[in-house]
Amino acid sequence: MPDIKLPRLPDRTPVKLSIAIAPDLAEALAAYAALYREIYGRDEPVTELIPAMLAGFLESDRSFQAARRAAGSQQGAR
């Protein structure tokens, strides 16, 4: 099989989650969506903003990223 530069793409099948949140969190998310609309001039539903918010949070958590890298290197050593 020929070797190409682009690796095999990861699974991109969306995973649907259903959660219940506290009323004050729902209110804060709605306020965030309103501020987003004010700043960017685009109306994005909270359900579209949450995945980006979670991804940003996880990417900025250095302890989590270090633990994830360590777990990945341990799996590769097996």
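Residue indices begin at 1 and follow the sequence shown. Bear in mind the structure is a predicted one, so any value in this text is a computation, not a measurement.
- Leu49 and Phe57 fall into different hydrophobic clusters, where Ile, Leu, Val, Met, Phe, Trp and Tyr are joined by side-chain heavy atoms under 4.5 Å apart, directly or via other members.
- For CD of Glu44, the number of neighbouring non-hydrogen atoms (other residues, nucleotides, ligands) closer than 6.0 Å is greater than 12.
- Nearest heavy-atom pair, Glu59 versus Gln65, reported as atom, atom and distance to 0.1 Å: CA-NE2, 3.7 Å.
- Side-chain contact between Met53 and Tyr32 is present, with at least one heavy-atom pair separated by less than 4.5 Å.
- Contact of the Leu58 side chain with the Arg68 side chain is not registered, since no non-hydrogen atoms from C-beta on lie closer than 4.5 Å.
- Considering only residues two or more places apart in sequence or on other chains, Tyr40 meets the ring-ring contact (aromatic ring centres under 6.0 Å, His included) condition with Tyr36.
- A continuous path of ILVMFWY side-chain contacts below 4.5 Å connects Leu25 to Val46, so both sit in one hydrophobic cluster.
- Here the CG atom belonging to Asp24 is positioned 9.0 Å from the CD1 atom belonging to Ile21, to the nearest 0.5 angstrom.
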